[in-house]
There are 2 protein chains.
Amino acid sequence: MSEARDPLPGVTPAQPKPPMREALVDAAFELFLARGYEQTTIDDIVSLAGVGRRSFFRYFPSKEDVVFPDHERCLADMTEFLAASADTDDPVARVCDAARLVLRMYAEKPAFSVQRYGLTRQVPGLRTYEVSVVWKYERTLAEYLRVRFADRPDGKLRANVLAASVVAAHNHALRDWLRAGGKGDPTEAVDRALSFVRQTWSPEADGPGGGQTAGESEDVVVVITKRSTPMWRVVREVESSLGEN
Amino acid sequence: MSEARDPLPGVTPAQPKPPMREALVDAAFELFLARGYEQTTIDDIVSLAGVGRRSFFRYFPSKEDVVFPDHERCLADMTEFLAASADTDDPVARVCDAARLVLRMYAEKPAFSVQRYGLTRQVPGLRTYEVSVVWKYERTLAEYLRVRFADRPDGKLRANVLAASVVAAHNHALRDWLRAGGKGDPTEAVDRALSFVRQTWSPEADGPGGGQTAGESEDVVVVITKRSTPMWRVVREVESSLGEN
DNA sequence: TTGAGCAAGGGTATTCAGTACCCTCCCGCG
DNA sequence: CGCGGGAGGGTACTGAATACCCTTGCTCAA
């Protein structure tokens with residue numbers, strides 16, 4: 001399509017393109033979709049790709065990995081993204097943005113993602129593998145939150161549950177989009193699902209992207225409530241009275 | 001939590017005890033703990049158990065299954081437990097009780113559970129398998145909630161996120177107990193974790209079995225802050241000053 | 001220019017999980 | 001007595017994954 005001779009201003013540096021890796025993925029998916037995953041052997045794949053059997057395992061540790069060729073990079077991106085977080089950031093918003101990295105990876109190749117979704121639905125082994133990949137994302141988010149919530153009373157529990165919630169919400173919207181054939185833009189649905197979690201969980205400001213509350217108005221807000229009132233209800237009242245969101 | 005029936009078996013009928021199955025589990029764990037999981041072959045196990053290789057796969061579909069010998073039964077118990085739910089039950093409480101079924105399975109064999117925990121921490125393949133088992137529990141809970149929340153606006157999303165939260169909270173407390181060596185009773189910690197989820201998730205109804213917002217103090221709290229202060233920071237300050245758990 | 005070094009890929013043999021197929025007991029029942 | 005079925009045993013086979021070694025081609029320094 002577009003000659004990528006010059007360095008594009010992409011955020012994801014996949015410039016040192018390995019042609020062999022992509023040839024293996026293409027060959028594998030062609031066979032997987034034609035005969036099925038378990039009916040395709042590694043020898044089938046490498047013979048179609050025109051490479052040696054040994055080279056397959058040079059690029060993919062296992063047969064399942066060829067189905068998820070860019071999750072490792074995405075996981076590294078997420079880790080780096082969270083490590084680059086500032087202490088002043090809202091941790092919940094940061095984690096939601098980290099989840100959006102995964103969404104973007106799927107949305108970048110809609111057809112590929114939908115095909116893979118069809119495979120994972122049918123093959124139990126691939127579903128297991130996908131679940132373990134999702135679990136790695138969740139662990140990464142939880143680890144970040146665990147540090148950010150270290151000073152809180154139930155910080156670890158909060159971190160684990162919140163990470164699980166974010167992942168579940170993200171996957172819910174993502175699967176809806178995949179089931180629909182990957183048509184359109186899934187970001188809106190994911191934003192809705194994530195804001196649902198943020199509202200019920202730490203219902204602070206719900207803005208697009210970073211969710212920064214730019215300090216235009218330095219007014220002072222006074223809140224009076226009973227101690228027994230749930231925090232989420234207090235926040236909801238404050239937000240609606242401030243006209244936010 | 002309520003299981004007191006006159007005959008001792010509450011929900012778990014393990015009466016037709018297959019001696020061979022348990023002999024295989026014992027032999028497998030003896031070898032796994034001695035040499036490690038991957039260093040032990042199926043032939044090692046069956047020769048120690050004194051049975052034929054074919055018999056192993058008669059009882060366990062794969063090598064990993066011998067490490068989790070009673071999850072299938074527990075999953076069936078959970079499904080049955082949820083199917084026996086009445087429409088008048090609080091779905092959230094029901095799901096928490098379902099999660100407690102898993103806890104009880106672990107707590108019934110503390111030493112075994114701790115040994116297995118040591119294995120799953122070391123062997124990536126076993127961790128993957130365990131994650132996929134947890135995912136099956138989560139799916140079961142989510143399916144139940146999906147039906148119960150069918151009339152709500154975001155019922156499916158709510159069901160998925162809540163199921164993930166319950167599972168995460170349960171696993172958090174369970175792993176704490178396992179890391180501590182399986183000493184004592186884990187039910188209290190799990191109850192605490194589950195009530196944490198219930199408080200943040202369905203704050204409108206905090207009924208029996210764990211909800212302790214316990215409106216002892218109906219004092220009035222006054223909060224003064226700048227509008228530009230992020231809401232999450234306000235919440236944290238209020239929570240810590242209130243000494244909430 | 002040449003040769004050392006090295007990176008990338010190829011090829012083959014081996015291990016082991018998992019499956020298919022068939023065999024032998026054993027036990028009850030007609 | 002014969003028969004049928006279930007529980008267990010044994011063997012051969014497929015295929016994923018690994019180990020080990022070979023070839024090719026490129027770079028860089030002597």
Side-chain angles (χ1 to χ4, degrees), chain A residues 14-32 34-69 71-72 119-120 122-130 132-133, chain B residues 14-32 34-69 71-72 119-120 122-130 132-133:
Chain A
Q15 308 306 358
K17 37 155 46 179
M20 199 166 180
R21 198 181 151 91
E22 250 173 284
L24 282 168
V25 172
D26 290 346
F29 267 78
E30 182 179 334
L31 293 169
F32 291 164
R35 332 175 183 169
Y37 176 79
E38 296 171 293
Q39 281 67 42
T40 304
T41 70
I42 303 285
D43 293 284
D44 295 335
I45 298 171
V46 296
S47 70
L48 179 61
V51 302
R53 172 185 172 81
R54 187 67 180 74
S55 299
F56 181 92
F57 292 102
R58 231 188 284 279
Y59 286 95
F60 304 99
S62 77
K63 189 182 174 187
E64 287 105 5
D65 283 290
V66 80
V67 183
F68 305 89
H71 271 78
E72 198 179 3
L119 283 178
T120 55
Q122 290 174 337
V123 184
L126 290 180
R127 225 181 320 159
T128 295
Y129 188 91
E130 189 190 35
S132 82
V133 169
Chain B
Q15 305 308 1
K17 38 157 42 178
M20 197 165 180
R21 198 183 150 90
E22 251 173 284
L24 282 167
V25 173
D26 292 344
F29 267 79
E30 183 180 334
L31 291 169
F32 290 165
R35 333 176 183 169
Y37 176 80
E38 295 171 295
Q39 280 67 43
T40 304
T41 69
I42 304 284
D43 293 283
D44 295 335
I45 299 170
V46 296
S47 70
L48 179 60
V51 302
R53 171 187 169 80
R54 188 67 178 73
S55 299
F56 181 91
F57 293 102
R58 231 187 284 281
Y59 286 95
F60 304 100
S62 77
K63 188 182 175 188
E64 288 106 6
D65 283 291
V66 80
V67 184
F68 305 88
H71 270 78
E72 198 180 4
L119 283 178
T120 54
Q122 289 174 337
V123 183
L126 290 179
R127 224 181 321 160
T128 295
Y129 189 91
E130 189 189 37
S132 82
V133 169

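Order of the sequence lines sets the chain letters (A, B, ...), proteins ahead of strands, with each chain counted from 1. Source: prediction; values computed, not measured.
One interatomic measurement links the two molecules: CZ of B:Phe56 to C1' of D:dA7, which rounds to 18 Å at whole-angstrom precision. In this structure, A:Asp65 places its CG atom 14 Å from P of D:dA16, rounding to the nearest Å. When rounded to the nearest whole Å, the span between CZ of B:Arg21 and C1' of D:dA7 equals 16 Å. Taking atom CG of residue B:Leu24 and atom C1' of nucleotide D:dG9, one finds them 13 Å apart after rounding to whole Å. Here the P atom of nucleotide C:dT15 and the CZ atom of A:Phe57 are 17 Å apart, to the nearest Å. Separating the CG atom of B:Asp44 from the C1' atom of C:dA17 is a distance of 13 Å, rounded to the nearest angstrom. Summarising the geometry, the separation between CD1 on B:Ile42 and C1' on C:dT15 is reported as 13 Å, rounded to the nearest angstrom. At whole-Å resolution of the value, CG in B:Asp43 and P in C:dT15 are 12 Å apart.
Summarising the geometry of A:Phe60 relative to A:Pro69, their closest heavy-atom pair is CE2-CB, 4.3 Å, with the distance given to 0.1 Å. The two atoms that bring A:Ile45 and A:Ala27 nearest to each other are O-CB, 3.9 Å, heavy atoms only. Counting all heavy atoms, side chain and backbone alike, A:Ser55 lies closest to A:Leu24 at O-CD1, 4.2 Å. Residues B:Tyr59 and B:Arg21 approach most closely at O-NH1, 3.3 Å, considering heavy atoms.
The CD1 atom of A:Ile42 sits 8.0 Å away from the OG atom of A:Ser62 when rounded to the nearest 0.5 Å.
Note on B:Tyr59: only backbone sugar-phosphate atoms sit closer than 4.0 angstrom, heavy atoms only; bases stay farther off.
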Report all interatomic pairs (protein N or O, nucleotide N or O of nucleotides 10-14 of chain C) with separations under 3.5 Å.
residue	atom	partner	partner atom	Å
C:dG10	OP1	A:Gly52	N	3.4
C:dG10	OP2	A:Gly52	N	3.0
C:dG10	OP2	A:Ser55	OG	2.1
C:dG10	N7	A:Arg58	NH2	2.8
C:dG11	O6	A:Arg54	NE	3.3

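For A:Lys63, the side-chain atoms get nearest to D:dA16 when compared with the rest of C:dC16, D:dA16, C:dG18.
Sequence neighbours left out, the pairs with a member in residues 35-45 of chain A that pass side chain to side chain donor-acceptor pair (under 3.5 Å) are A:Arg35-A:Asp44, A:Thr41-A:Asp44, A:Asp43-A:Arg53.
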